[in-house]
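Note that ligands are numbered from 1 as they come in the structure, with each ligand's atoms numbered from 1 the same way. Since the model is a prediction, treat every value here as computed from it, not as a measurement. Side-chain atoms are counted along with the backbone in the values below, which use heavy atoms only and exclude waters and symmetry mates.
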Amino acid sequence: MLIMKRSLTVLLIMLLVSTAAFAQNWNHEVMIQSDFENGNLDGWEPRGDKGAEESLTVASNAKHGGRRSLYISEREKTWQGPRHMLTDNAVAGDVFRMTAWIYCEEGPAKSAFVFSVERSFKDENAGHAYSNVKTFQVPRGEWTKVEAEYTVGDDPTQKNIWVYFELPYKSDDMVEDSDRISFYVDDIEFLKLDPESRPKAQANIPNLYDKWISSFDVGVSVTSTEVDFTSQTAQLLMKHFTALVAGNAQKIDSIQPVEGEYNWAMADKIVEFGALTGMRQRWHTLLWHQQNPAWLFKDPDNSNRQASKAVMDSRLESYITTVMDRYSFDVESWDVVNEVLNENGTLRTGAQGSPWYDIMGAEYIDKAFRYARAADSNAQLVINDYNLVSNPQKRQGMYNLVKGMLDRGVPVDAIGMQMHISLYDPPVSEVRETIELFGSLGVKVLVTELDISIHRNDSEGTIVATNAILEKQADLYRDLFDLFKEQADKGVVDMVVIWGATDGGSWKNDFPVKGRGDAPLLFDDRLQAKPAFYALVE
Ligand code: XIL
């Protein structure tokens, strides 16, 4: 495995670069810069059809900077808003960075605004394509800065690109007053970033896995963009990690958005990358109560009703079998169920968010594992959950649940501890106790989603990652990995997966506090190794 990894790395390290990290200090070309101070619309135009279009005017009653801003009013549809041509010559891989300020004095306390992209094609009959790049929450009465990056996709048939601002899409018959609000935009800037100044993965640092591979594999969760072989993030993944899982692309809302219509593209891309680079692969997750498509729990004949137990049972079996049949050759470790426990250690019911329990009763868990074993007799079948270390009641609940499953002959091979933890809690001693408790059941223990938030709790405001904080984080990563090694050498810990490659891509930037930046991983936004990385390779 390692030999294959190395030679591929050497080959691929020479390929071109591209990455999604934010980067103020790139060289750039200004594409659009509108402060509306000269009183004209500066190329911004309404999206609505001629005769029924929204109104765009330069206003002087509200402004972010200077004396004027752009005012959008008389909106009837969610998608109505200002649009501007970005380029009439789309070039795959070009990266554009948007900054703007939005203000509204109508509607609810907070409104969502969407930054989107419209594309035309060389074939004029092809129609236009629309994609939502990023959604922002804008509090009423507060000028709010919005920022996003857009990378032109690899599509030789595309031609023009427009950028626009709108509200989240609703069909016309669903539109309410809150979707028709007027708003202001100001100080809009679109820069094209020079690829030569894009952040690069560091070549002259040790490979992370080298120090740990004799005891356990170090894995990482990825997006389908990060595994583009031409991206710098892919170079980083190949250099440092020996195991792989998808952060979102393997969840059922990605795989089967519409019943019977499988969308394999993103999962395929990730699994292919893992196979080509010799990584061990995990799947996350076959069953969960979140990130499910709308159809999943609905009666096939009457979408106002919940599906019956028999229908859910057959959906469960067919989903697990279909997915495992496709990927069993490459994926060895499967999160069969995710987050089935409450904080008090009991099973999560419908009231706590899980229709699975309400419709099928407690046995859905056993069934999921039996269907998975029937689909692949060699797969490592994992039950995955969070707060297992920090919450002793939930830890005990997991122990009891798995013990019961083993007693009933249910094929569960490992307990996955997510470990989304904080710099301040839980202590390493509790991690050891948890691993030892689970290990006493004779199952493997996996660390499936490790990240270390620099925040203490959900109510703390944004903390700046000072050197002292990053050093403390490094110490905790080192202490944890030393413990994982100790427990791997005893045959208990099998794999340690970090939930994301770089701080810029971490889900913790939006969770549990929307927009509160975090720095929980080993590499920063610019792909540079943090003190935590060095602590793990020294
Ligand atoms: C998170 C992803 O990282 C986010 O991108 C997504 O918006 C929400 O889900 N526990 C899990 C993971 O089991 O699936 C979650 O991943 C993080 C918490």
For ligand 1, note which part of [X] has a heavy atom under 4.0 Å away: side chain, backbone, both or neither.
{"X": "Asp510", "result": "neither"}
{"X": "Thr285", "result": "neither"}
{"X": "Tyr386", "result": "neither"}

Member of Tyr164, Phe115, Tyr150 meeting the ring pair (Phe, Tyr, Trp, His ring centres under 6.0 Å) criterion with Phe190
Phe115

If we only count heavy atoms from C-beta on, is the Glu339 to Thr285 side-chain gap below 4.5 Å?
no

Does Lys269 come within less than 4.0 Å of Asp228, counting only side-chain N to carboxylate O?
yes

Check: Trp507 N/O within less than 3.5 Å of ligand 1 N/O:
no

Could you go through the side chain to side chain contact (heavy atoms under 4.5 Å, CB included) check for Lys403 and Leu406 one step at a time?
CA-CA 5 Å; Lys403 179 152 195 327; Leu406 293 170; 5.7 Å; no

May I ask you to list the atoms of ligand 1 that are less than 4.0 angstrom from any heavy atom of Gln418?
10 (N), 11 (C), 13 (O), 18 (C)

As an exercise, identify every atom of ligand 1 less than 4.0 angstrom from a heavy atom of Lys251.
1 (C), 2 (C), 9 (O), 12 (C), 14 (O), 15 (C), 16 (O)

Would you tell me which option among Gln250, His284, Glu339 has the nearest heavy-atom contact to atom 14 (O) of ligand 1?
His284

At what distance, to the nearest 0.5 angstrom, does CG of Leu437 lie from CD of Glu430?
11.0 Å

Contact between ligand 1 and Phe511 is defined here as a heavy atom of the residue under 4.0 Å from a ligand atom; is it met?
no

